[in-house]
2 protein chains.
Amino acid sequence: MARNPISIEVLETLDAIERRGSFAKAAEELNKATSAISYAVQKLEEQLGISLFQRLGRRSVLTPAGRLILAEGREILQTTRRLADKAKEVATGWEPRISIGIESLQSYVDFFQVISAFLLEFPTVEIDISECVLNGGWEALEQGRVDLLVGAPGPVPSLKGYRAVVIERGELVPVIAANHALAKQLDNKQNTERLLAQLRRIVIHDTSFSGITRSEGLSSDGQMFYVQNMDQKIHAILAGIGIGNIPKHRIQGYLDKGILLPLGIQQKGGVESFLAWKINNKGKGLKVITDRFIALQSSK
Amino acid sequence: MARNPISIEVLETLDAIERRGSFAKAAEELNKATSAISYAVQKLEEQLGISLFQRLGRRSVLTPAGRLILAEGREILQTTRRLADKAKEVATGWEPRISIGIESLQSYVDFFQVISAFLLEFPTVEIDISECVLNGGWEALEQGRVDLLVGAPGPVPSLKGYRAVVIERGELVPVIAANHALAKQLDNKQNTERLLAQLRRIVIHDTSFSGITRSEGLSSDGQMFYVQNMDQKIHAILAGIGIGNIPKHRIQGYLDKGILLPLGIQQKGGVESFLAWKINNKGKGLKVITDRFIALQSSK
DNA sequence: CCCCATTGTTCTAATAATTAGAACATATTA
DNA sequence: TAATATGTTCTAATTATTAGAACAATGGGG
């Protein structure tokens, strides 16, 4: 009697409903009929004896209880998915998926070479790339959301069981949009230094949820404009909102066409950049990738 | 495609198999035929592409991957069961979690008694305690980061919809060691207020209550030093580690000899500390806690 | 203000999944 | 060796899930 009414499937259904905004859209995403969704929700509501959606006409809004199940349900979903992956890894030694977080300031051209070769050789391993920012990357590693960090900024958190290797950051170019109001006045060094203080800095804000946040900005004077990722930063600069450092390879096209202009200022060394993973991660795929990338770095 | 092959049901099946020692016994427990168990396990193994049991004749032993799924699966089962419980309670007005902010310079014996009894009685409600410093608590309450403030300093912000009750306490004196590095600079009010943020706070951490999670401090810069009882707290302050409030009678000797110095700040009699929450918070758990606390106070 | 597309529910039939029961092979134990 | 228990496989039956159509309610656009 009274068995657990919550199933993985219905949690996936709730997740889809919330993400897509309606039963119908969720049904489409899950390749089901709307009625199937409707019945699934009804069944759960009936078995729990509570309502999860407040029906307001054709639109449904989650009740507090519904929100709770959705929020915790998503964690459960993630846990089970990871569990399936981990089990496969234990059985075969090979992880079915490797999640890689790349620091937004990091140039990843070389790294993608390694990944490309790896995928040719081991096509069954999925690679999941995400962009992360400053301490958000370390946090993701700690929580197991990523297996490998590329270009994470030092210092390396100690006593957490991480293995970290210094890698090249890649070339960062401070740029301004050619159509920026002050762009024409930046023709010589003297002017540049004088105007620099007046230019707004586009800064990527830390994505760290808990823990200490920090920002990448170097100097603290002048105005800041905060964005959440490198794409937004590039677009903010293109729109003439301000200036900022960008990995050269990501804006080569704009530089060639003269849409973005490099600022003739000296770049400070900045913090070191690390390749990092957990020591207790024994995945064979991870080992291949890190070994090869380190070899490539040191051969330069 | 490739959906998650792990279901709640199959986890329950695995759990029963391991607990009862055989497919047949598990089938009995789950009111199913043995063949149903057999098929369920086969299906999971097939979908994961790995084997979970090593068939040794009629007896089956879990493989390492099987053990992993069993172990983590049990946690998932517990989580979903609790989630179902919590959802039901949320639907009836009980909040799944109550976040409590505690002003950390003091310890609140009476309050923790109430909490302790509450947890025993309502184990599905999570209590999350975080520490806050000075007015940071009011801000946290306003922003909804905490539901209840304990020991918040007056005055109570008006017109914000707060309900506040004075917490009775003995005569507490905020003190610092005379030989503390910064003690000499605390001669006037201005200096004191400025330096206050830099002084480490000695906090009694009531670790006797399991089931209470503790968040990181709400103030990021205020350092904390945790001890387990009042004796340790006094000695930590004597050692110059930081500051804290101490009942006057316990340190009268030190005060007389000038070994400990009272901090000439805040609570000069008139400033009381409060238990406070939002009036529009209708959570039943919160109501129980506050009602009981008030009853306990007035019975004295 | 009205029309029309969209949404969610309900119904029924169909499809897919799970399950029981019997037969059987194998292993354990007395 | 006999007796018992176990897990697998087969088939059939039961159950659960799903699709599709009909419908009512809703809200946005013209």
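The sequence lines fix the lettering, A, B, ..., with proteins before strands; numbering per chain opens at 1. Side-chain atoms are counted along with the backbone in the values below, which use heavy atoms only and exclude waters and symmetry mates.
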inquiry  = Restricting to non-hydrogen atoms, name the atom on A:Thr13 and the atom on A:Leu30 that form the minimum distance, rounded to 0.1 Å.
reply    = CA-CD1, 4.0 Å
Could you identify which residues of [range] place a heavy atom less than 4.0 Å from some atom of DNA chain C, listed by residue number, or say none?
range: residues 30-41 of chain A; value: A:Thr34, A:Ser35, A:Ser38, A:Tyr39
range: residues 12-26 of chain B; value: none
range: residues 42-55 of chain A; value: A:Gln42, A:Arg55

If the condition is side-chain hydrogen bond (donor to acceptor under 3.5 Å, both in side chains), which residues does [X] pass it with, not counting sequence neighbours?
X: A:Glu95; result: none
X: A:Tyr254; result: none
X: A:Asp291; result: A:Lys287

Angle of first-five versus last-five pair axes in the helix from C:dC1-D:dG30 to C:dA30-D:dT1, to 10 degrees = 30°
Every protein N/O within reach of nucleotides 22-26 of chain D N/O, cut-off under 3.5 Å:
unit_1 : atom_1 : unit_2  : atom_2 : d
D:dT26 : O2     : A:Arg58 : NH1    : 3.0

ask   = Do any pairs count as a salt bridge (charged side-chain N to carboxylate O under 4.0 Å, His left out) and have a residue in residues 34-52 of chain A, sequence neighbours left out, and if so which ones?
value = A:Glu45-A:Arg55
Lys/Arg-Asp/Glu bridge criterion (N-O < 4.0 Å) met for B:Glu12, B:Arg19 = no
Is the backbone of [Y] close enough, under 3.5 Å, to the side chain of [X] for a donor and an acceptor to pair up by distance?
X: A:Ser60; Y: A:Phe53; answer: no
X: B:Thr34; Y: B:Ala27; answer: no
X: A:Lys278; Y: A:Glu142; answer: yes

Residues forming a ring pair (Phe, Tyr, Trp, His ring centres under 6.0 Å) with A:Phe112, sequence neighbours excluded = A:Tyr108
message = Checking A:Ser104 against A:Asn229: is there a side-chain donor and acceptor pair closer than 3.5 Å?
response = no
query = If you measure only the distance, is there a donor-acceptor pair under 3.5 Å linking the side chains of B:Thr124 and B:Asp85?
reply = no
ask   = Would the A:Tyr162 and A:Trp277 ring centres measure less than 6.0 Å apart?
value = no
request  = Only counting residues at least two apart or in another chain, list the ones meeting salt bridge (charged side-chain N to carboxylate O under 4.0 Å, His left out) with B:Arg74.
outcome  = B:Asp15, B:Glu18
query = Listed by chain and number, what are the salt bridge (charged side-chain N to carboxylate O under 4.0 Å, His left out) partners of A:Asp128, not counting sequence neighbours?
reply = none
